[in-house]
Trainee: 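So that we are looking at the same thing, I have put the structure below in structure tokens.
Protein chains get the first letters and strands the later ones, always in sequence-line order, with residue 1 at the start of each.
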Protein chains: 2
Amino acid sequence: MTVSTTGGRRRPPTIHDVAREAGVSRGTVSRVLNGGHYVSPAAQEAVNAAIRRTGYVVNRHARSLITGRSDSVGFLLTEPQERFFEDPNFNVLLRGCTQALAAHDIPLLLMLAGTEDERRRITRYITAGHVDGVLLVSSHSGDPVAERLREAGVPLVACGKPIGLGSKVGYVAADDRDGARDMVRHLLSLGRRRVGTVTGPLDTPGGVERLAGYKEVLTEAGIEIDERLVVSGDYSRAGGEAGAERLLARAPDVDAVFVASDLMAQGVLTALHRAGRRVPQDVAVGGFDDSPAAVAARPELTTIRQPWDRISSEMVRVLLAQIGGEDTAAVILPTELVKREST
Amino acid sequence: MTVSTTGGRRRPPTIHDVAREAGVSRGTVSRVLNGGHYVSPAAQEAVNAAIRRTGYVVNRHARSLITGRSDSVGFLLTEPQERFFEDPNFNVLLRGCTQALAAHDIPLLLMLAGTEDERRRITRYITAGHVDGVLLVSSHSGDPVAERLREAGVPLVACGKPIGLGSKVGYVAADDRDGARDMVRHLLSLGRRRVGTVTGPLDTPGGVERLAGYKEVLTEAGIEIDERLVVSGDYSRAGGEAGAERLLARAPDVDAVFVASDLMAQGVLTALHRAGRRVPQDVAVGGFDDSPAAVAARPELTTIRQPWDRISSEMVRVLLAQIGGEDTAAVILPTELVKREST
DNA sequence: TTCTCTACTGTGAACGCTCACAGAAGCATG
DNA sequence: CATGCTTCTGTGAGCGTTCACAGTAGAGAA
């Protein structure tokens, strides 16, 4: 009867109102709300109709108070903030996770913790039970947040294999090593022999694995690793630019570069352009990620596609399973070589 | 005494535990928690010590259940998803809002509602009271979500002036018109006389205002508006590319372009490059936003900086004020011309 | 002394939900 | 006919807070 009219927030209907409207008890309404087991078809229908008529929505606070669950999960970023909005991958991942969670009607709480101070507060917040689990994007080794959360028994799924955390923490990652191998093989197949690399940060699993793949393929091809061809970067555009300059200085005869991220590859292109090297004629450049940056670059980047949509949906799946009591799991997903203009 | 030991989630301490530990009643603890009025210094100190000893954290669900507030706000995006992760501005805004809210210890719930179906669900979720207010990023006219939320009396602050919503909804925006005026004046000061524009979507306030600024300055300079020089875009890279092609076809003598977003400007640069026009020698290009895309572009873009940090902090300030019962307000912030290589 | 006022404290009752339990009905089995 | 089992339903208790209210103690005024 009392359908909520527009304007002015009136008191929202409670489970009592629905029960009265449907002519059943609170308990029955609650059972319908939670799967409808042990409910007669007649009652089921009456309750559903009453819910529709009253516009009832369950009060999550009341529910959480008793169940102890919050029905929400956190998306935690422990990188310094600049990284976040500079790296297109984060966005794709964030969007994917939000959507995957939305399918379960679970809201995502975005948490940024770039400073130690913020990290402490966020850890406190999370361990207090305000989210049921955490999707973690950070993966720098020795990340204290992951360690603390794991100790507190908070369900946790990382994006990328966390270094130095034992096997107790679940993660989802692209096959970095295999992707790197594909790219370097591709560069060799073009006839390049002085293949350099700008690595990612070597305290991240991606950085380590991609470098390992690079070295493996060269060694397998009978080419000795020349350390002058290996420079380290930090996944940022500026880092790529600086890396390429160092590379050119140390090994002017470089004829191909495998860059561990598209964003760095943009910087590499800038530096090569400034040095008067043509891409791909003089130097072939391969990126990693297939982020929007790859298409934005001139020339467009040949790169390794990470299956972000699957990564995000798997992260959510594994996290929900863990919240549901299952054991932790690791998921490795295959990558794909995308050829464009830069090689 | 029972300090929580590591591992295995044990029952977290409640306000009762703190009260017992401090030798006072629940009420006194609650008062300390909520500002400490009408609490003796001695009790105050005893409670604080007990909180520290027990590691107590207030249970927000219990609190929300009785206060009716959720102590969280939503960040709502009603754009189709591609826009979200393609546009660097969103990221900057999102980060700024998250940080500004974190200072108040308020978590941000990220909500994506690209489809009509999702919009319905999210609206329902919000009007059910699961967030205290909404930061809205959409601004397409006739956005049904904003209208519905406003009707439901949900505190709401939009980024950019919402079209056709009356003055009842608060918003924070950069001074689009003034920014456009600055840019066009700058282009004229370089001696350009055939100044074209690629507009934003004309159902967005930004699109409308920036076009208005463009026309004003030309008219004031005694230059008649040539409609062949005005083409409309959609803020996307591809839209910019297509726009520039149309522009070149309709007005081949164009010697400057004011593009309503940096991302579109990237597309414009691509099209100009393909057409063999040099930038800035043959055609000067001015963007808008000063997003990361401006620095990524070759040549780097002259653009109009939007004060995103201030926009986000103001949005949060105005929203919290509104939640606190204040009236809606509109805030307009000044922009700034940033000169780089493209003009 | 008595009264009033202020500063402070404790207590019961909610908030809206789920859970455990008790009970009713229907049906098959002993 | 009693007994057990299954399916369904209603009820009381309680989750951890805040809020309103009642009460106490002490200080100052009449």
Trainee: Kindly say if Ser30(A) contacts the phosphate of dC19(C), meaning a side-chain N or O under 4.0 Å from OP1 or OP2.
Mentor: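 No, because none of the side-chain N or O atoms of Ser30(A) sits under 4.0 Å from OP1 or OP2 of dC19(C).
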
Trainee: So which heavy atom on Arg60(A) is nearest to which on Tyr125(B), and how close?
Mentor: NH1-CE1, 3.4 Å

Trainee: Below the 4.0 Å mark, does dT17(D) have OP1 or OP2 next to a side-chain nitrogen or oxygen of Tyr56(B)?
Mentor: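 True: Tyr56(B) side-chain N/O within range (under 4.0 Å) of dT17(D) OP1/OP2.
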
Trainee: Tell me the interatomic distance from Tyr38(B), atom OH, to dA25(D), atom P, rounded to whole angstroms.
Mentor: 19 Å

Trainee: Establish whether the base of dG10(C) is bridged to the side chain of Arg31(B) by a donor-acceptor pair shorter than 3.5 Å.
Mentor: yes

Trainee: Rounded to whole angstroms, how far apart are CD1 on Ile15(B) and P on dG10(C)?
Mentor: 12 Å

Trainee: Check this one for me: any side-chain N or O of Thr67(A) less than 4.0 Å away from OP1 or OP2 of dC15(D)?
Mentor: no

Trainee: How long is the straight-line distance from CG of Leu65(A) back to CZ of Arg63(B), given to the nearest 0.5 Å?
Mentor: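 Answer rounded to 0.5 Å: 13.0 Å.
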
Trainee: Do Arg26(B) side-chain and dT18(D) base share a donor-acceptor contact under 3.5 Å?
Mentor: yes

Trainee: Should Ser40(A) be listed as having a side-chain N or O under 4.0 Å from OP1 or OP2 of dT7(D)?
Mentor: no

Trainee: Of the non-hydrogen atoms in Ala22(B) and Ala50(B), which two are nearest, and what is the gap between them?
Mentor: CB-CB, 3.7 Å

Trainee: Of all the choices, dT9(C), dT9(D), dC17(C), which nucleotide is nearest to the side chain of Ala43(B) once you look at every atom?
Mentor: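 So the side chain of Ala43(B) is nearest to dT9(C).
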
Trainee: How many Å lie between NE2 on His16(A) and P on dT18(C), as a whole number?
Mentor: 12 Å

Trainee: Grab the CZ-P distance between Arg63(B) and dG16(C) for me, whole Å please.
Mentor: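 About 18 Å, once rounded to whole Å.
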
Trainee: In this structure, how many angstroms lie between the C1' atom of dC15(C) and the CG atom of Leu65(A), rounded?
Mentor: 9 Å

Trainee: Is any side-chain nitrogen or oxygen of Asn59(A) closer than 4.0 Å to OP1 or OP2 of dC15(C)?
Mentor: no

Trainee: Return the value, rounded to whole Å, for the distance between atom CD1 of Ile51(A) and atom C1' of dG16(C).
Mentor: 14 Å

Trainee: Atom NE2 of His37(B) and atom P of dC19(D): how far apart are they, to the nearest Å?
Mentor: 12 Å

Trainee: Let me know the distance between CZ of Arg69(A) and C1' of dC15(D), rounded to the nearest Å.
Mentor: 13 Å

Trainee: Look at Thr14(B) and dG16(D) and indicate whether a side-chain polar atom (N or O) is within less than 4.0 Å of OP1 or OP2.
Mentor: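 Answer is no, no contact under 4.0 Å.
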
